[in-house]
Protein chains: 2
Amino acid sequence: MRRYAYWPAEANYKTMDKLELKGILKSHFSSLENESLNAFVKHSSYLKSTKGTKLISEGRRHHYFYLIIEGGVKSYYSRDSRDVCMWFAFENEAIGTMTTYEGLPSKETVELLEDSELIKFNIEKIKELTRTDLSISHLINDLIIEHTLCIEERLYQLQFTTSEERYKSIIQTTPEILQKVSLTDIASYLGVSRETLSRIRSK
Amino acid sequence: MRRYAYWPAEANYKTMDKLELKGILKSHFSSLENESLNAFVKHSSYLKSTKGTKLISEGRRHHYFYLIIEGGVKSYYSRDSRDVCMWFAFENEAIGTMTTYEGLPSKETVELLEDSELIKFNIEKIKELTRTDLSISHLINDLIIEHTLCIEERLYQLQFTTSEERYKSIIQTTPEILQKVSLTDIASYLGVSRETLSRIRSK
DNA sequence: GAATCTATTTGACATTTGTCACAAAGCAAT
DNA sequence: ATTGCTTTGTGACAAATGTCAAATAGATTC
């Protein structure tokens with residue numbers, strides 16, 4: 001297991017009290033009124049975990065979605081021992097899978113790309129809040145819409161752009177992916193084999 | 001223009017009063033309380049339109065989403081005079097584009113596959129309702145989630161299944177597509193050329 | 001029915017990409 | 001440095017698919 005300088009495994013790293021947590025959530029979910037924020041924080045907790053940890057496993061029901069404070073994750077589908085990455089996410093992004101949110105067995109696996117700090121949110125509890133709290137309902141709605149627009153953009157790119165264009169697009173828009181994700185995973189994300197990506201890169 | 005038996009162009013077809021409209025919406029949006037339903041109906045209107053009509057045009061802002069009462073639509077992206085279909089929808093399905101809902105220029109075009117009857121909903125007005133009405137907020141949320149799950153399934157299929165498997169899957173799950181959509185459009189939906197689809201079919 | 005248009009199919013060929021095998025490079029542990 | 005492990009790159013070949021051109025089928029109009 002590789003360790004990263006900014007987070008030595010030996011250190012007994014901070015936990016986070018509800019007050020700190022509230023501060024962080026306030027800055028990310030600025031649409032929430034103070035009262036809604038308090039309710040939200042009740043069902044949130046801080047979490048640190050090591051590279052390779054699966055936040056969500058394919059085929060199983062889970063109860064959380066997450067906000068990445070520090071670190072990164074990949075999401076992928078598996079079939080016949082072949083993995084295809086669907087998305088990557090890093091600092092300040094809220095993540096989860098739609099099937100998990102719907103209470104269904106997840107179709108994707110979500111795994112830490114590196115040792116990470118996260119905040120996790122209990123889906124059932126947050127959903128309960130959305131039944132009575134309009135601002136929380138809207139917040140969730142916004143997160144889902146943002147996610148949907150990303151997926152749609154990905155579909156568009158897969159249909160209309162060559163793998164070379166897609167590779168260039170990654171370099172320009174999210175170069176951090178190249179530093180944090182293996183080329184094997186990037187290839188699957190782009191929809192080509194490892195070898196083809198390698199040939200694209202050697203130009 | 002082809003005409004369909006069940007809807008002669010010559011007939012002066014019914015319009016629909018608010019009461020009828022409410023009845024239809026009640027059966028589709030059964031989660032809505034009576035009061036919410038009344039508010040919803042205020043911003044709904046009945047519409048009939050002919051094959052080829054574009055409900056939503058790529059690159060433009062629009063103000064409605066729709067429920068299909070009778071008929072069908074296709075959604076497609078265009079680039080370099082090549083069209084790629086993203087989804088098809090028929091009776092009893094609620095449709096629209098995510099970008100339109102967000103007030104952005106639409107990335108897709110949505111076009112009638114045949115003469116159709118629809119109910120259209122004013123997005124801005126309905127959005128206003130979601131600010132104060134929880135059940136409407138949840139209804140919209142559910143529609144978006146359903147849409148998202150469809151898109152994700154499509155992405156999954158594009159990555160993991162062969163075009164032949166995808167064709168068979170259409171036959172089994174939504175055979176009505178084959179009757180109502182041209183093979184050219186189906187080919188683009190499956191992610192292959194017309195000619196390739198033709199060869200798949202000749203087996 | 002003949003003419004016209006569009007949609008679909010078929011053939012020949014070129015191109016792209018995947019697959020397999022193996023080489024090279026990078027990294028970690030001894 | 002040496003060894004072992006994982007990741008990435010390269011070559012040769014096969015398979016799948018796209019492209020172009022032409023033929024056929026189906027539908028529409030006169």
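To find a chain, count down the sequence lines: A is the first, B the second, and so on, and within it residues start at 1.
- Separating the CZ atom of R199(B) from the P atom of dT19(D) is a distance of 12 Å, rounded to the nearest angstrom.
- Rounded to whole Å, the distance from CG on L178(A) to P on dT8(D) is 11 Å.
- Residue T196(B) places its side chain closer to dG18(D) than to any other of dT9(C), dG18(D), dT10(D).
- Using a 3.5 Å distance cut-off with no hydrogens or angles, the side chains of E111(B) and Y76(B) do pair a donor with an acceptor.
- Judged by distance alone, the side chains of E108(B) and S75(B) do bring a donor and an acceptor atom under 3.5 Å apart.
- For the pair E195(A) CD and dT17(C) P, the computed distance is 13 Å after rounding to whole Å.
- In terms of phosphate contacts, S163(B) brings a side-chain nitrogen or oxygen within less than 4.0 Å of OP1 or OP2 of dT17(D).
- Separating the CG atom of L183(A) from the C1' atom of dA25(C) is a distance of 13 Å, rounded to the nearest angstrom.
- Taking the charged nitrogens against the carboxylate oxygens, D115(B) and K48(B) have no contact shorter than 4.0 Å, which rules out a salt bridge.
- With dT8(D), dT9(C), dG18(D) as the candidates, the nucleotide lying closest to the side chain of S182(A) is dT8(D).
- Under a 4.0 Å N-O distance rule, the pair R79(B)/E165(A) qualifies as a salt bridge.
- For dT9(C), one of the phosphate oxygens OP1 or OP2 lies less than 4.0 angstrom from a side-chain nitrogen or oxygen of R201(B).
- Between Q159(A) atom CD and dT17(D) atom C1' the separation is 15 Å, expressed in whole Å.
- A donor-acceptor contact under 3.5 Å is not formed by the side chain of R194(A) with the base of dG18(C).
- For the pair R82(B) CZ and dT19(D) P, the computed distance is 8 Å after rounding to whole Å.
- For the pair Y167(B) OH and dT8(C) P, the interatomic distance rounds to 11 Å; values are reported in whole Å.
- Geometric assessment of K18(A) against the ring of Y46(A) yields a negative cation-pi assignment under the 6.0 Å and 45° thresholds.
- Taking atom CD1 of I200(B) as the reference point, atom C1' of dT17(D) lies 10 Å away to the nearest angstrom.
- The side chain of S202(A) lies closest to dT10(D) when the candidates are dT10(D), dT10(C), dT19(D).
- For T184(B), no side-chain nitrogen or oxygen approaches OP1 or OP2 of dA7(C) to under 4.0 Å.
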